[in-house]
Structures are given as structure tokens and as C-alpha cells.
Amino acid sequence: MPRVLVKFQEGTVVPFESGAVPELSPELLALWTLAAQRFDFLFLTPLAADMALADLRTMVNDARSAHPGETVPDPALVFAVEVPGTARPEPDTVALRLADGLNALPFVEYAEVEQRLAAAVNRPNNPCALFQYYLDDAPVGVGSDGAWSVTGGDGTGIRVGVLELFDYDRNHRDAPAKRFHITPSFATAADPLADHATAVLGIVAAADNTVDIVGVAPEASIVFASGNLQGRTPALSTGDAFSLINLIDVQLQAGDVLNLSLQLPQTLSNGQQAMLSVESSSVLRTALRLATFRGITCVIAAGNTGVDFDTAGVSFPDSGAVVVGGVVRDQPPVPVSFHVSAHSNTGSRVDCCGWAGELTTLTSVAPATVRTISEEDGGTSIATPMISGVVAAIQGRAKVVSGSPLTPAQVRGLLRDPSLGSDVVPGLGVGVMPDLAAIIPTL
């Protein structure tokens with residue numbers, strides 16, 4: 001709902017409490033009473049209510065002592081008035097009228113309709129971002145442009161933990177701007193083993209600068225660890241992965257995200273060898289459940305064997321993680337249509353989907369700095385960071401709107417909701433592609 005922010009003139013006495021009425025002369029109080037009769041929702045709430053009045057007084061008095069003779073504004077004289085959603089003709093119009101009415105009162109310094117700061121992501125400033133179709137509006141992409149237009153929708157204030165088999169190109173010119181490393185670097189320049197992690201980080205949070213691409217959540221901070229603890233061999237056991245997930249987890253807090261673009265070989269009941277999500281491991285499921293209980297949304301790949309979990313009888317306890325399937329846009333691009341990635345596992349346990357091929361991201365293989373990953377080379381591990389970026393955008397915005405993040409269950413509910421995403425491959429077991437333009441207004 002819109003709010004009108006009003007500051008009373010210095011020297012006006014207004015109690016620092018909700019429902020306050022300014023202490024005025026009878027003539028001026030009559031004007032306030034008329035305004036309250038016209039706008040029957042005129043209920044004042046201190047805008048600095050999160051602070052103690054004594055602390056506000058100290059700040060003001062210190063400033064006045066340092067600047068004698070100057071008018072130091074008193075934050076305790078600033079209040080908010082919430083315009084109800086039932087206001088007619090409609091809330092935004094009524095908010096403007098209220099602001100005009102309050103500005104006409106001689107004891108009011110100013111009144112204005114509250115505005116939201118706009119994030120500063122500039123997609124056209126990143127030359128290859130024009131080819132990041134997965135950022136486009138639905139039904140093609142996840143609607144990142146709209147998310148970036150509101151405060152927090154670029155992932156500001158959110159950490160995304162990433163565990164990979166191998167390191168990424170830490171010297172890439174478009175690597176995420178905010179990074180913290182759990183494990184040391186073993187990657188060298190133009191290292192092909194670093195390409196997977198480099199691509200993943202690019203999709204989540206490539207820097208918003210003047211080169212290459214931009215991530216889904218470019219202002220999110222990355223907490224990174226890789227499994228190549230012994231140097232060149234990118235071999236990661238579930239035990240090591242459990243330890244590393246917990247090392248990442250301790251750096252995260254409620255509202256943050258954990259991205260696992262990994263999979264595990266498992267034998268199905270029919271004897272088929274298949275690559276399944278990390279949720280199929282009991283020890284990793286324990287780590288995921290712990291992170292989820294702490295309020296961290298875990299986003300994991302469904303796996304890349306093309307197995308239908310339901311018909312193949314694949315079942316294991318739910319860790320609370322978001323499981324991501326993969327889709328690929330058909331060529332030519334008009335009209336817009338998709339098919340399930342040939343690699344992607346499917347089934348009712350899959351919560352949502354992202355692009356699993358034909359998408360542009362960063363590469364560690366010189367001399368190129370970006371590349372388009374084909375359907376053959378892609379898979380659910382590439383779709384997963386796209387959704388992690390979406391979750392970072394959702395949580396960044398949620399913290400701005402309500403002051404607190406959503407729970408992992410709430411996030412998963414939004415991602416699974418058909419009304420808040422694009423059902424690009426109906427009934428084929430990968431859920432919908434989230435649409436930030438539809439999700440963010442619900443926060």
C-alpha cells in the first residue's frame with residue numbers, strides 16, 4: 001500500500017508514538033481535525049520507530065552543538081501515513097491528494113508519497129547481455145529487467161553459496177564483483193576444468209559493468225568452495241561435499257541461497273545407471289536439511305539422465321531443496337517454444353525449470369570470455385544457477401519490502417506456482433519457469 005511521509009515544522013510538538021496527534025493551538029488543531037475527517041485513515045506512525053527516542057535526541061543535540069545557529073532536522077518529527085487498499089478512487093490517487101492536503105497545513109514542513117529507489121543494473125551496458133535471452137520477459141526468460149527496476153531485485157544483501165567440483169577463473173574480467181572464497185585457487189589462466197564453475201557464477205552474478213554479460217542477481221555476494229582440495233583432480237566425495245557445504249553454510253544466514261550444480265551416479269531399481277540430484281545421498285540430504293532449517297534456500301540440479309522419477313520409481317525423502325529441471329528454447333526463436341532438455345530428469349519432485357542449453361554465459365577458455373552453451377553441452381547444472389539468481393532477487397526484494405526474507409518453503413511455493421511462472425512445456429515434469437515480474441508484486 002502507498003504511504004505518505006510527513007514532516008512537521010521544527011518546534012511543533014508531536015508525541016513520538018503511533019496514533020500521535022500534534023499538540024497545536026485551537027485554531028491549528030481545527031485544521032488538523034478537518035484533514036482527519038476528510039482522510040479518515042490519517043493515522044501517524046513515527047518513521048524512525050525502530051530507534052529509541054533518546055538515541056534520536058542524542059543525535060539531534062550533538063548535531064546542533066556542532067552546528068550552532070543552523071536548523072538541524074529532527075527525525076522524530078517525521079511520520080508515515082499508510083493509505084488503505086480500499087481507498088477510492090484508488091490508493092495512489094488518494095495518496096497524492098493526502099500529500100497535497102497536508103502540504104497546505106502551516107505546521108507541516110513537507111508531505112510526499114513514498115517512492116522506491118531503483119536498482120542500478122544496466123543490461124544494455126553489458127554488450128553480450130543482449131544475447132542473454134533467459135533474462136528477457138516471460139515467457140522467454142525470467143523477467144530480470146523488471147526485477148532490477150525495484151530495490152533489492154538485483155540480489156542486494158543476499159549471499160549465494162556455490163559448491164563446484166573445480167575452481168573458476170578468478171581473474172575473469174566479468175567475474176562476480178562480490179566474492180568470498182572458502183577454498184584456495186588451483187585454476188590457471190585458460191583452464192578448461194574451470195569452465196563449468198565460471199559459467200555457473202556468470203549466470204548467477206556476473207558483474208554489471210561495461211564488458212560481457214550480467215548475472216541474474218549481479219549485486220548478490222558469492223561464497224565459493226570447490227572440491228579440488230588436492231590440486232588438479234576435480235574428484236569430490238559426498239563426505240567432502242558434506243564438509244564443504246557446512247563450511248559454506250556457516251557463512252550464510254536466513255534468506256541466503258546455496259547452489260549445487262552437481263549430480264550423483266545411482267543405480268535404479270531396474271538396474272539402470274542414472275545421474276540423480278544430490279538429494280539422493282543421505283549425507284548430503286542431511287546437510288541440505290540443516291541449511292534449510294537455518295532459512296537458507298538450497299537450489300539443486302535434478303540430474304542429467306533423462307529419467308522420469310515417477311515412472312522409474314525414484315523416491316527419497318524431501319530435503320526441502322528446490323529441484324531444478326532443464327528446458328531448451330526451440331530454433332528458430334519465433335514463435336517462442338521450448339522442449340525439455342534431452343539430459344534433464346523429470347517428475348513431480350522437480351519444482352521448476354530454467355534454460356539448460358543455448359544460453360550465453362562466461363567461459364574460462366581463452367581467448368574467449370563468453371560462450372553459448374549448446375543443449376549437448378548443457379544440462380540441469382546450467383539451469384540451476386539461473387534459479388539461484390531468481391531466488392536471490394526474490395529474497396533481496398523481500399527484505400526491502402517486509403524487512404525479513406521468506407522461508408525456503410515460501411520460496412519453493414512461489415517457484416512451483418503455475419500462476420507465477422511460464423508453463424513452457426506443460427505436463428512434462430519440470431514445472432514452470434519462474435517469472436520475476438509476476439512474483440515480485442506478491443512479496
Side-chain angles (χ1 to χ4, degrees), residues 1-10 12-51 53 56 73-119 137-138 143 145-153 393-406 410 413-414 417 419-420 435-443:
M1 295 301 102
R3 296 198 302 175
V4 173
L5 311 182
V6 54
K7 182 182 183 298
F8 292 91
Q9 295 281 4
E10 295 295 326
T12 306
V13 178
V14 188
F16 190 71
E17 61 188 21
S18 294
V21 175
E23 298 178 9
L24 304 165
S25 66
E27 295 81 4
L28 295 180
L29 184 59
L31 295 177
W32 180 259
T33 301
L34 286 173
Q37 290 172 348
R38 181 184 177 192
F39 302 99
D40 59 4
F41 54 84
L42 186 52
F43 184 89
L44 297 175
T45 301
L47 199 59
D50 289 338
M51 293 188 66
L53 181 58
L56 294 174
D74 185 355
L77 289 175
V78 184
F79 291 80
V81 179
E82 184 169 305
V83 179
T86 55
R88 294 292 178 267
E90 52 89 24
D92 289 336
T93 299
V94 174
L96 289 170
R97 292 176 181 174
L98 173 60
D100 289 343
L102 293 177
N103 276 317
L105 299 176
F107 48 86
V108 168
E109 182 176 327
Y110 62 79
E112 63 184 19
V113 177
E114 184 178 31
Q115 295 177 285
R116 298 294 185 187
L117 295 173
D137 292 342
D145 287 316
W148 296 333
S149 70
V150 296
T151 307
I394 292 171
Q395 294 286 44
R397 181 58 181 167
K399 291 173 73 172
V400 169
V401 172
S402 66
S404 60
L406 303 178
Q410 289 173 317
L414 293 175
D417 190 336
S419 69
L420 300 177
D435 177 10
L436 286 168
I439 292 173
I440 282 182
T442 70
L443 302 178

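Here the CD atom belonging to Glu109 is positioned 10.5 Å from the CG atom belonging to Asp74, to the nearest 0.5 angstrom. Going from atom CZ of Phe107 over to atom CG of Leu29 covers 8.0 Å, rounded to the nearest 0.5 Å. Between the CG atom in Leu443 and the CG atom in Leu436 there is a gap of 9.5 Å [rounded to 0.5 Å]. Considering CD1 of Ile394 and CD1 of Ile440, their distance stands at 7.0 Å, rounded to 0.5 Å. Here the CZ-CZ distance, from Phe43 to Phe79, works out to 11.0 Å after rounding to the nearest 0.5 Å. Atom CD of residue Glu17 and atom CG of residue Leu53 lie 10.5 Å apart, to the nearest 0.5 angstrom.
Distance alone, capped at 3.5 Å, is enough to place a donor-acceptor pair between the Asn103 side chain and the Ala99 backbone. The backbone N or O of Leu406 lies less than 3.5 Å from a partner atom in the side chain of Gln395, making a donor-acceptor pair.
The two atoms that bring Val14 and Ala20 nearest to each other are CG1-CB, 4.0 Å, heavy atoms only. Summarising the geometry of Ala398 relative to Pro405, their closest heavy-atom pair is CB-CA, 4.4 Å, with the distance given to 0.1 Å. Closest approach of Ala438 and Leu420 over heavy atoms only: O-CD2, 3.6 Å. A pairwise comparison of heavy atoms in Val4 and Ala111 identifies CG1-CB, 4.2 Å as the closest pair. Phe16 and Ala48 get closest at one heavy-atom pair: CZ-O, 3.6 Å.
A 4.5 Å side-chain heavy-atom check between Leu44 and Val81 finds at least one atom pair inside the cut-off. Looking only at side-chain heavy atoms (C-beta outward), Thr151 and Arg397 come within less than 4.5 Å of each other. For the pair Phe41/Leu98, a side-chain contact is recorded, criterion being any heavy-atom separation below 4.5 Å from C-beta on.
For residues 35-48, there are no side chain to side chain donor-acceptor pair (under 3.5 Å) pairs, not counting sequence neighbours. Listed by first then second residue, pairs satisfying ring pair (Phe, Tyr, Trp, His ring centres under 6.0 Å) with a partner in residues 17-37 read Phe8-Trp32, not counting sequence neighbours.
If you check the side chains of Thr12 and Gln9, you find no donor sitting under 3.5 Å from an acceptor.
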Item to complete: Take Leu28 and Leu31 through the side-chain contact (heavy atoms from CB on, under 4.5 Å) test and state the conclusion after the steps.
Response: CA-CA 5 Å; Leu28 295 180; Leu31 295 177; 4.1 Å; yes

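For Pro91, the side-chain contact (heavy atoms from CB on, under 4.5 Å) partners at least two apart in sequence or on another chain are Pro2, Val83.
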